S.K.: 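Could you have a look at this structure, given as structure tokens, before my questions?
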Amino acid sequence: MIRDLVESPKFEKDAAKQEWVSVSSGKYVKKEQIELLSQHDWLKIGFKKIDGSGSDGYLDPDAPPTFFTELVNSFDTDKSGELSSEEIQAALQNNGNADQLHKLIVKHPSEWYEKSSASSYLWLEKLMAKIGLPDFDLLVDHEKQRIDKLEWMQTAASLKIGPNIYHIYPIAIYGKKKDRFVVNYTHYRYPL
């Protein structure tokens, strides 16, 4: 399958009434061999949907989700099992990696939905008990204050927003002007 980006595909008919699509200057493909997609067919043009609705929004280093494990493995060039700042920078400077990360549509609980007293933040209390240092307790108290200031979704009850929402990189939706239509077609080696 070949993928070409076409801003405004042109359809033409030959003498036998066969419809063709001009995918570039002098390059035609039979209409039945293509799939026209718009910029709104996100999952077909490279976006990936990830359901993290069961998570608490925080990454547990002892049990990371498969997605993060695969991401770390793909960026870990020296195969040490840990990412250095150089490996992260190199990975993000790679346009393919950056494009994949920008095209994630991730469903997970919003940090704007609940106050720090909610059950989803019980891990903070457990962490305080585990660490047991006064300075760490102050840090957790500060984090709880930050969480409480962020909550607004439940107070806007008329919007009927649930705790799990999709998060997306907004610039990835906009795209470039040339990304308005995608034509998928199979290449056959015969002249027209």
Side-chain angles (χ1 to χ4, degrees), residues 38-77 80-177 179-180:
S38 79
Q39 71 270 23
H40 305 294
D41 292 317
W42 294 352
L43 298 179
K44 291 183 177 182
I45 60 173
F47 283 82
K48 182 177 182 181
K49 191 163 72 168
I50 298 172
D51 187 352
S53 55
S55 75
D56 61 5
Y58 295 89
L59 185 61
D60 180 358
D62 297 327
T66 304
F67 170 76
F68 287 103
T69 304
E70 290 172 357
L71 187 65
V72 167
N73 290 339
S74 71
F75 291 179
D76 187 12
T77 55
S80 67
E82 294 184 12
L83 292 180
S84 67
S85 61
E86 292 81 14
E87 286 173 316
I88 293 170
Q89 285 177 351
L92 293 177
Q93 288 174 354
N94 175 311
N95 287 339
N97 290 338
D99 191 47
Q100 282 184 333
L101 292 173
H102 291 161
K103 289 187 172 181
L104 292 177
I105 303 169
V106 184
K107 182 179 186 180
H108 66 82
S110 174
E111 64 181 352
W112 301 331
Y113 192 76
E114 295 180 316
K115 297 273 189 195
S116 64
S117 58
S119 62
S120 60
Y121 291 110
L122 288 176
W123 65 273
L124 282 169
E125 299 295 329
K126 291 177 185 174
L127 195 58
M128 273 180 27
K130 181 179 176 182
I131 303 288
L133 296 173
D135 288 343
F136 188 76
D137 291 356
L138 292 173
L139 181 63
V140 170
D141 288 340
H142 176 74
E143 177 64 4
K144 286 180 177 182
Q145 291 172 17
R146 185 193 69 80
I147 291 167
D148 292 342
K149 288 178 184 176
L150 286 174
E151 184 280 322
W152 64 268
M153 291 170 72
Q154 288 191 56
T155 56
S158 63
L159 297 176
K160 298 180 182 160
I161 303 172
N164 294 309
I165 59 174
Y166 285 97
H167 302 265
I168 189 167
Y169 179 60
I171 304 300
I173 298 171
Y174 176 72
K176 300 175 185 85
K177 186 176 180 183
D179 292 340
R180 294 303 178 218

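Treat the numbers as computed from the prediction; the structure is a model and nothing was measured.
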S.K.: Do the side chains of Phe136 and Leu127 get nearer than 4.5 Å, heavy atoms only?
M.R.: yes

S.K.: With sequence neighbours left out, write down each residue that passes side-chain hydrogen bond (donor to acceptor under 3.5 Å, both in side chains) with Asp51, or none if nothing qualifies.
M.R.: Ser53

S.K.: For the OG atom of Ser74 and the CG atom of Leu83, what is their distance to the nearest 0.5 Å?
M.R.: 8.5 Å

S.K.: Work out which heavy atom in Ile45 is nearest to a heavy atom in Lys103; give both atom names and the distance.
M.R.: O-NZ, 3.4 Å

S.K.: For Lys44, does its backbone N or O pair with a side-chain atom of Asp41 as donor and acceptor, under 3.5 Å?
M.R.: no

S.K.: Do the side chains of Lys49 and Trp42 get nearer than 4.5 Å, heavy atoms only?
M.R.: no

S.K.: Which heavy atom of Pro109 sits nearest a heavy atom of His167, and at what distance?
M.R.: O-NE2, 4.4 Å

S.K.: Got a sec, which residues hit salt bridge (charged side-chain N to carboxylate O under 4.0 Å, His left out) with Glu151, two or more places apart in sequence or on another chain?
M.R.: Lys115

S.K.: Restricting to side-chain hydrogen bond (donor to acceptor under 3.5 Å, both in side chains), what partner residues turn up for Asp148, sequence neighbours left out?
M.R.: Ser116

S.K.: Keeping to residues at least two apart or across chains, list the salt bridge (Lys or Arg N to Asp or Glu O under 4.0 Å) pairs with something in residues 160-169.
M.R.: none

S.K.: Considering all heavy atoms of both residues, which atom of Leu92 and which atom of Ala98 are nearest to each other, and what is their separation?
M.R.: O-CB, 3.7 Å

S.K.: Determine the interplanar angle of the Trp152 and Trp112 rings, folded into 0 to 90°, and report it as parallel if under 30°, tilted if 30 to 60°, perpendicular if over 60°.
M.R.: tilted

S.K.: Testing the basics here: between Ser80 and Asp76, what is the closest heavy-atom pair and its distance to 0.1 Å?
M.R.: N-OD2, 3.1 Å

S.K.: Can you tell me how far CD1 of Ile147 sits from OH of Tyr121, rounded to the nearest 0.5 angstrom?
M.R.: 4.5 Å

S.K.: Let me confirm one number: the CG-CD distance from Leu150 to Glu111, rounded to the nearest 0.5 Å.
M.R.: 5.0 Å

S.K.: Only pairs at least two apart or in different chains count here, so list each salt bridge (Lys or Arg N to Asp or Glu O under 4.0 Å) that has a residue in residues 127-141.
M.R.: none

S.K.: List the steps and the verdict of side chain to side chain contact (heavy atoms under 4.5 Å, CB included) for Ile131 and Val140.
M.R.: CA-CA 11 Å; Ile131 303 288; Val140 170; over 6 Å; no

S.K.: Taking salt bridge (charged side-chain N to carboxylate O under 4.0 Å, His left out) as the test, write out the residues that go with Lys48, two or more places apart.
M.R.: none

S.K.: Looking at Pro163 and Tyr113, what are the two nearest heavy atoms and their distance?
M.R.: CB-CD2, 3.4 Å

S.K.: Atom CG of Asn97 and atom NE2 of His102: how far apart are they, to the nearest 0.5 Å?
M.R.: 10.5 Å

